[in-house]
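So the structure is just underneath, and the comments pick up after that.
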Amino acid sequence: MHYITSKSITLQEITQNTPEFDKAAAVASVYPFRLSPTYAALVRQPGDPLWRQCIPDVRELEDDGQLPDPLAEASLSPVPGLIHRYPDRAVLLVSNQCPVYCRFCMRKRHVGAGEAPLSGAALEQALAYIAATPAIRDVILSGGDPLMLDDSSLRHILGRLRAIAHVAIIRIGTRVPVTLPERVTAELCVLLKRFHPLYVNTHFNHPAEITATSAHACGLLADAGIPLGNQTVLLAGVNDRVETMAELMTRLLEIRVRPYYIHQMDLVRGTAHFRTPVTKGLEIVRGLRGFISGMAVPHYVIDLPDGKGKVALLPDDVEREGDMLILRNYRGERIAYRDSIPKTAQT
Ligand SMILES: *Cc1c(COP(=O)(O)O)cnc(C)c1O
Ligand code: SF4
């Protein structure tokens, strides 16, 4: 199992002539820094929404009272590298590298740490667990970024999963279309399409991440028959405005990527400065539904602490008055809807 080699911009290069360098370097000694040239080229100035996502910030080292692994992923791992929380699906952590280390990453404890991808004995153990657990019908490759593995490693893992009859669906969670779009080659697409039904969920957080290059990468995947979803993390100072999210979601549809989730920030140590109140997320969902194509409106979810699972939240739009529902529409009008079935229609 091998990683692809990808170039990285140094912290010095990106923070030159700014007061950020020393501070950022201190943070990077705790939480690793990595930045692809492609993503770096999108950063326009210190503090902009893309800078915030990739440049270390001193607040990462503050004691924010949060835990490294609030979702208790480690305790939900029956074998190393596999998270089995829901009955019918499991997450396989095949990589601990990414082209860019996002400062808000929920797996901050894990990414960029150590060297080895899941391989050898650990991979065999994880595959054996999946093979011995017929309830698992959906396997999600995650990490780190699975597309940091080279083609032959990916082919090996996908081939082994496809050899397990009860694994119906394979998903890949990857930010590579955004952070290293050149990794999405024609050869990679030929490889991936051999393992259908295969889904890719990518991770765009800001409209400025949608470029000709990232759109092209998504187009290649879509042309390989891979349905594309998107998971966005709601981040203070990055995308916590209705207008930003509306633009992001509508433009994703234009590049054939269907918005899937907006994630409330997990309570992960070193990321508290990205958190927004839940009311902000609800305001955003309210600002999307009805105003833009329904296909562009993702679910807003909180992943509960201790591995209790994801819960989708909706603005409170339902009141009951007897057998009438009072429903609030996208314009804020309250409309009555009769919920009882007339006696004459009952048999
Ligand atoms: C999010 C998640 C999944 C997948 O959940 P879906 O709602 O099906 O996308 C599976 N396992 C774990 C541990 C997760 O965190
Ligand atoms: S690409 Fe995903 S796994 Fe990698 S650092 Fe960013 S959020 Fe974390």
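Atoms within each ligand, like the ligands themselves, are counted from 1 in listed order.
- The structure places CZ of R34 at 4.0 Å from OG of S6, a figure rounded to the nearest 0.5 Å.
- In terms of polar-atom proximity, R171 is counted as a contact of ligand 1, with an N or O under 3.5 Å from an N or O of the ligand.
- In terms of protein heavy atoms, atom 12 (C) of ligand 1 is closest to V91 CG2, 3.6 Å.
- Distance from atom 1 (S) of ligand 2 to its nearest protein heavy atom, with residue and atom name: R175 CB, 3.6 Å.
- Proximity of V100 to ligand 2, defined as any heavy-atom pair under 4.0 Å, is confined to the backbone N, CA, C and O atoms.
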Step by step, would you call Y330 with F291 a ring-ring contact (aromatic ring centres under 6.0 Å, His included)? CA-CA 7 Å; Y330 72 103; F291 292 98; 5.2 Å; yes
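- Contact between E73 and ligand 1 is absent, with no heavy atom of the residue lying under 4.0 Å from the ligand.
- Summary of contacts: the protein heavy atom closest to atom 2 (Fe) of ligand 2 is H203 ND1, 4.3 Å.
- Nearest protein heavy-atom neighbour of atom 9 (O) of ligand 1: Y260 OH, 2.6 Å.
- In terms of protein heavy-atom proximity, atom 7 (O) of ligand 1 is closest to Y261 OH, 2.5 Å.
- Coordination check, C102 versus atom 6 (Fe) of ligand 2: passed, since an N/O/S atom of the residue sits under 2.8 Å.
- Here the heavy atom of the protein found nearest to atom 8 (Fe) of ligand 2 is C105 SG, 2.3 Å.
- In terms of protein heavy-atom proximity, atom 14 (C) of ligand 1 is nearest to K310 NZ, 3.0 Å.
- Ranking protein heavy atoms by distance to atom 4 (Fe) of ligand 2, first place goes to C98 SG, 2.3 Å.
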